[in-house]
Amino acid sequence: MFRFLNLTLNGVSVGMIYAAVALSLVMIWRGTRIVNFAQGGMLMFTTFIAWDLAQVHNVNYWAALVVAVLSGLVLGAVAERVLVRPVENGPPLNAVIVTLGLLIFLQALAGMIWGNSQAHSYPPGYSFIGYKVGNRRLAFSPNDLFIVVAVLVVVVALYLLFRRTPLGLRMRASAFNPEVARLLGIRVGRLLTLGWAMAAGLGALVGVLVAGTTSGYVQPVGPFDALLVYGFTAAVIGGLDSPIGAVIGGLLLGLLLSYADSYISNNVRTLYALLVLIAVLMIRPAGLFSRSSTRRV
Amino acid sequence: MRTSSIRLAAGSVALLLVTAACGGSSSGGGGSGGTSGASAPGVTATTVTIGSTQPLTGPVAPGYSEISQASNAYFKYINANGGINGRTITYKYLDDAYNPTQTVAQTRKLITQDKVFAIFNGLGTPTHEKVVDFLNQNKVPDLFVASGCLCWDNVSAHPYTFGWQTDYTVEGKILGAYLKQKFPGKKIAYFFQNDDFGQDGVKGLDMEIPKSQVVAREPYDVTNTDVSDQAAKLQASKADVVVSFSVPAFTALLKLNMLKVGYNPTLVVSNVGSDPITLSGLLEAFAKQAGAKVNGSDLIQGIITDGYLSSPADPSNSWIQLFQKIHDQYIPKLPFDGNVEYGMAAAYTFAQALAAAGTNPTRDGLVKAVEAGLAQGPGLVPFRYSSSSHAGFTGTQIGVIKGTTIHLEGSPETTDDSSGGIEPYTTAQPTAPANGIPSG
Amino acid sequence: MADEIFSRDGMLSRSTLLRHTLAALVGLGLLYALINGMGDYRNSQLAPIAFTVCAAAGLTLLVGQSGQISLGHGAFMAVGAYTFALIQEHWRTSHGNLELIGLLAAAAVGAAVFGAFVGVAAARLRGPYLAGATLALALGLPSLATYEHLTKQLGGNAGLLVVSPNPPTGSIDIYRWQSVICCVSAVVVLWFVANVSRSRVGRSFRAVRDDEIAASLCGLSVARVQVLAFVISAACAGVAGGLLAIIDLTAGPQAFPLSLSFGLLAAVVFGGLGSLAGAVYGSILVVLLPVWSQDLTDALSVHSVKVSNNMPLMVYGVVLAVAMLAAPNGVQGVVRRLGSGIKRLAIPSEET
């Protein structure tokens with residue numbers, strides 16, 4: 001029972017990370033109909049910036065986090081303007097290759113600036129020691145709780161932004177029908193850039209959170225790459241058009257992977273992700289929360 | 001319709017011809033692939049060129065990528081001080097990012113295009129395994145593979161390949177024997193990497209530790225950094241001692257996850273994953289949270305491990321003084337840790353072999369020089385090199401982490417990787433030559 | 001006589017099969033000359049290019065002509081490699097060449113069967129959902145080899161050993177022989193895919209790609225066509241996987257990272273979607289670009305180790321991104337534009 005509880009809590013905290021990555025992928029997808037394969041690289045890069053500040057220059061954790069998110073915003077905006085804008089309306093595979101090129105570029109750049117010789121540890125925001133329950137400790141710590149809460153806060157904030165603000169309405173309009181939106185005077189281009197910026201900023205937050213867990217390190221090629229695939233899987237499970245789907249998909253994936261790792265075997269994690277994905281897509285080919293009309297891409 | 005197939009043919013041919021033309025220097029077509037015609041490619045009157053494949057980028061670059069830089073620093077030092085038999089050593093190490101297909105491509109490049117004299121310290125088991133046949137068929141000395149696999153000691157099938165470090169099973173035996181003696185009757189659990197490194201180590205442990213004492217065996221996969229489940233299962237087994245055959249990243253991950261759930265057994269870690277400086281760095285940011293006073297090294301105090309080279313933090317040791325000097329001069333930005341010492345020590349052994357190969361070294365001559373036996377140099381135990389064995393160091397010495405160093409205890413021990421007994425080795429470690437260069 | 005063969009109504013124009021076979025023979029001849037003329041090093045690069053061509057040809061058929069996405073074609077290569085290794089373990093004959101052909105055919109069949117399963121699942125998926133599923137496939141399938149209860153059969157992390165076929169005694173060394181095997185396989189695969197592309201099957205692919213509804217109105221079963229596309233492209237990738245196993249001397253999970261699948265995709269997109277010539281250009285680029293960027297880095301004699309270690313990667317990433325921006329239709333698109341530009345210059349009268 002205790003084991004099940006631990007696995008569930010672990011699944012939730014890992015799941016929220018996947019949910020956040022999925023959410024940033026969904027945001028980019030809704031705006032520009034592109035899957036951002038560079039997401040893992042972007043969040044690795046911003047986490048390196050945070051690490052440089054926090055561990056090398058002894059900057060406060062929260063200040064480093066803010067700087068990381070800001071760099072994410074800038075990075076996302078620049079990537080959209082320079083790299084993605086030209087391929088947005090072309091064949092979708094071109095955008096895939098461009099974002100792949102960006103991913104490799106960022107990994108190489110991080111290596112050039114900070115080197116490949118060390119993996120760096122990053123501080124957690126709060127204590128990483130598990131909560132005490134009776135005379136045992138849960139595999140769930142204040143830091144894990146912080147992660148869950150942080151992601152929830154961001155999800156709610158994004159929801160409110162998209163549903164309750166004029167800006168959010170304009171962004172949704174631009175994504176749904178750019179031509180009509182332009183006719184109505186909306187600066188579609190600017191909003192697309194904003195969408196990418198926000199997604200990258202969210203990714204930066206995820207990067208810093210993950211680096212501070214007991215399964216994260218900061219290095220140019222490492223744990224952040226698998227995040228893209230799990231995040232994408234979660235997004236697809238939930239339905240690429242649905243932010244709620246992204247969160248549910250993330251949680252579902254996190255929980256299932258956690259149980260499977262423990263009860264079955266822990267060295268085929270990616271295989272479980274594949275099986276969950278196939279299972280969901282066979283029942284609902286456009287994800288769990290997709291709208292009924294199948295979108296032809 | 002005709003035009004497209006013509007286009008296909010023409011285009012492909014054009015491109016291939018351009019590619020071939022770019023080859024330019026490529027030597028004689030046809031004929032045997034072996035370069036045994038020239039007995040000493042890569043050797044000129046003033047230089048010797050050697051090659052290696054190393055993970056300079058990619059997921060395992062942290063730590064391992066220091067080794068080649070350190071070896072290169074040692075070679076540069078030799079070159080600045082007269083070289084070996086009047087020749088300077090040029091060390092060409094190429095990035096394979098720990099991908100075996102890349103290792104194959106890069107090794108072929110080193111042999112067929114760069115025409116190196118020998119391959120030195122090729123890193124990794126799954127990577128180097130793929131090129132061992134190629135190197136031996138082409139009669140290229142494949143010296144001092146950077147891996148503790150038992151497979152490099154195969155004189156009949158691979159006469160040109162030599163290991164260097166203590167192999168994992170020997171290490172496991174010596175650790176196992178120590179634990180059997182120090183923790184009689186106590187519960188012991190294993191945490192190990194799910195490949196030949198971990199599995200060979202466990203084989204050695206099992207040769208010494210009685211089965212009844214082993215209460216849990218938890219493997220991990222390098223692609224999955226979430227080891228919370230393994231930590232939970234280890235805790236549930238109530239083991240008093242956990243033996244870990246893990247790389248530094250996973251040693252640190254294990255420690256963190258055990259701390260998280262309040263589990264604090266005696267930790268025993270293989271030499272591969274126990275470098276104190278690397279571990280402190282990996283645990284640094286968590287230290288304050290875990291109740292350590294100041295820094296990451298507090299979390300690793302008391303870890304039992306082993307070493308076959310002197311501890312890098314022992315300033316009274318002549319080898320450490322030499323290596324420290326070279327480090328400060330050539331690679332000051334890298335930390336002076338176990339990886340750096342490893343790289344320099346292996347380079348020293350190569351220099352020994354080259355010196356012993358004489359004033360006109362040939363590939364076969366180099367191999368014979370190693371088989372004639374090499375002095376142990378910076379090692380704590382002798383090498384096993386002979387015409388019937390191509391294995392490297394014969395044993396290791398138990399140590400405990402105190403501060404940021406490994407304090408070696410007792411005396412070094414030697415054994416083999418099967419049923420041989422474990423013998424203490426009491427001959428003192430030789431001192432480093434005054435100028436730091438072996439005389440052959 | 002020449003008229004009968006080469007004119008607009010001649011034999012070559014009318015028979016696609018004949019044309020392709022002739023082109024294949026010419027290609028084989030040229031490759032033979034190339035292999036004999038090049039040095040050892042260039043030869044060792046030819047083999048990876050050749051098996052990449054096999055996989056890329058299949059992928060460009062799938063993506064370019066049938067309009068489906070596969071981000072994880074490396075998975076089919078893995079199935080081919082493991083099929084090759086598993087069957088070789090249990091079946092050895094004394095006829096080296098026969099065995100080789102049999103094993104490669106088995107690799108193709110094994111991958112094709114797997115491709116059928118994937119195709120059936122994929123027929124229900126569109127666009128990014130298919131992309132996600134194939135991506136997860138590429139990442140998840142190789143890890144099956146490390147599953148504890150299958151380590152005995154699948155070799156675990158180290159993989160299954162493969163014995164490289166020996167050249168006919170004494171003729172050439174084993175590495176040149178591997179090049180020969182790979183090149184011949186590439187020509188055969190290209191010949192096969194070219195014929196498929198020009199056949200009714202190929203037309204059905206393009207029909208489904210362009211307009212599913214219209215295609216089904218014409219009596220085509222969309223799902224069946226899509227599955228067939230997956231089967232054929234998987235078979236090509238299976239052959240590539242078998243060749244990879246021969247070169248690596250193992251079939252192991254480490255040889256099939258995500259970057260392999262991405263490389264195939266880059267080769268196909270870079271060369272020009274749907275174009276076989278493009279698959280060849282793209283494969284050459286994807287295999288040689290890392291080598292060129294390494295040579296460039298060496299030539300620059302960069303002082304900093306951090307920079308020189310990462311420069312080849314950086315060049316690779318930049319070239320990928322820039323190439324897509326500069327040539328959205330790939331190399332074949334550029335060639336076509338050049339070709340029509342030259343034609344316009346040479347035969348101005350045709351344009352009025």
Side-chain angles (χ1 to χ4, degrees), chain A residues 29 33 35 37 83 86-87 90-117 220 225-226 228-229 232-233 235-237 239-240 265 267-278 281-282 285-287 290 294-297, chain C residues 63-64 69 71 121-133 135-150 157 212 258-259 262 265-266 268-270 273 304-326 328-330:
Chain A
W29 173 259
R33 283 282 177 269
V35 178
F37 281 95
L83 286 176
V87 290
L93 275 181
N94 287 21
V96 170
I97 303 297
V98 167
T99 52
L100 277 179
L102 177 62
L103 171 67
I104 297 174
F105 173 77
L106 287 172
Q107 286 175 340
L109 187 61
M112 284 189 182
I113 301 177
W114 292 289
N116 306 70
S117 317
D225 303 312
L228 168 79
V229 181
F232 189 34
T233 306
V236 170
I237 289 176
L240 274 176
S265 162
N267 53 5
V268 281
R269 202 180 167 93
T270 48
L271 190 64
Y272 302 138
L274 172 66
L275 293 173
V276 172
L277 185 65
I278 301 289
L281 288 180
M282 286 304 98
S290 58
T294 35
R295 261 216 164 79
R296 270 293 301 274
V297 182
Chain C
V63 175
I69 287 192
L71 287 184
R124 301 195 54 171
L125 305 175
R126 294 286 175 274
Y129 300 98
L130 183 54
L135 184 66
L137 181 70
L139 201 60
L141 193 66
S143 71
L144 187 62
T146 55
Y147 182 51
E148 300 160 324
H149 303 295
L150 286 176
N157 238 307
E212 276 185 36
L258 265 186
S259 51
F262 288 157
L265 201 63
V268 160
V269 177
F270 184 81
L273 275 184
S304 155
V305 171
K306 284 194 290 203
V307 174
S308 64
N309 282 349
N310 287 288
M311 179 142 286
L313 273 178
M314 177 164 284
V315 170
Y316 187 70
V318 168
V319 168
L320 276 187
V322 167
M324 276 304 100
L325 296 175
N329 284 320

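Predicted model, so just to flag it, every value in this text is computed and none were measured. Note on naming: letters A, B, ... go to the chains in the order of the sequence lines (proteins, then strands), and numbering restarts at 1 for each one.
When every heavy atom of C/Lys306 is checked against every heavy atom of A/Trp114, the shortest pair comes out as CD-C, 3.8 Å. Annotation for A/Val35 and C/Pro128: closest pair CG2-CB, 4.4 Å, computed over non-hydrogen atoms. A pairwise comparison of heavy atoms in C/Val307 and A/Met112 identifies O-CE, 3.7 Å as the closest pair. Here the closest non-hydrogen pair linking A/Leu83 and C/Ala321 is CD2-CB, 4.3 Å. Here the shortest heavy-atom pairing between C/Gly132 and A/Leu277 reads O-CD2, 3.5 Å.
In summary, of the residues considered (C/Leu139, C/Leu137, C/Leu144), a side chain to side chain contact (heavy atoms under 4.5 Å, CB included) with A/Leu274 occurs for C/Leu137 alone.
Comparing C/Val63, C/Asn329, C/Leu130, C/Leu325 by how many heavy-atom pairs each has under 4.5 Å with chain A, the most go to C/Leu325. Ranked by heavy-atom pairs under 4.5 Å with chain C, the list A/Ala95, A/Gly111, A/Pro86 is led by A/Gly111. Your options are C/Val305, C/Val268, C/Leu135, C/Leu141, and the one with the most heavy-atom pairs under 4.5 Å with chain A is C/Leu135. Comparing C/Ser308, C/Gly140, C/Ala145, C/Pro328 by heavy-atom pairs within less than 4.5 Å of chain A, the highest count is held by C/Gly140. When each of A/Val87, A/Val229, A/Ile237 is scored by its heavy-atom pairs under 4.5 Å with chain C, the top score falls to A/Val229.
Distance CE/C/Met324 to CG/A/Leu102: 14.5 Å, rounded to 0.5 Å. With rounding to the nearest 0.5 angstrom, the CG atom of C/Leu265 is 7.0 Å from the CG atom of A/Leu100.
A donor-acceptor pair under 3.5 Å is absent between the side-chain atoms of C/Arg124 and the main chain of A/Leu281, judged by distance alone. Side chain of C/Tyr129 to main chain of A/Leu240: a donor-acceptor pair is present (N/O by atom type, distance under 3.5 Å, no hydrogens or angles).
For a residue to count as touching a neighbouring chain, one of its non-hydrogen atoms must lie under 4.5 Å from one of that chain's; by this rule C/Leu71 touches chain A with the side chain only. Only the backbone of A/Ile113 comes within contact range of chain C, with at least one heavy atom under 4.5 Å from a heavy atom of that chain.
Side-chain atoms of A/Val98 and C/Leu320, non-hydrogen and from C-beta on, never get closer than 4.5 Å to each other. Side-chain contact between C/Leu313 and A/Gln107 is absent, with no heavy atoms from C-beta onward closer than 4.5 Å.
Applying the ring pair (Phe, Tyr, Trp, His ring centres under 6.0 Å) rule to A/Phe37 yields the partners C/Phe262; only residues at least two apart in sequence or on another chain are considered.
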CA sep, side-chain torsions, deciding dist, call: A/Leu271, C/Tyr147, side-chain contact (heavy atoms from CB on, under 4.5 Å): CA-CA 10 Å; A/Leu271 190 64; C/Tyr147 182 51; 5.7 Å; no
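Between the side chains of C/Asn309 and A/Asn116, not a single donor N or O lies within less than 3.5 Å of an accepting N or O.
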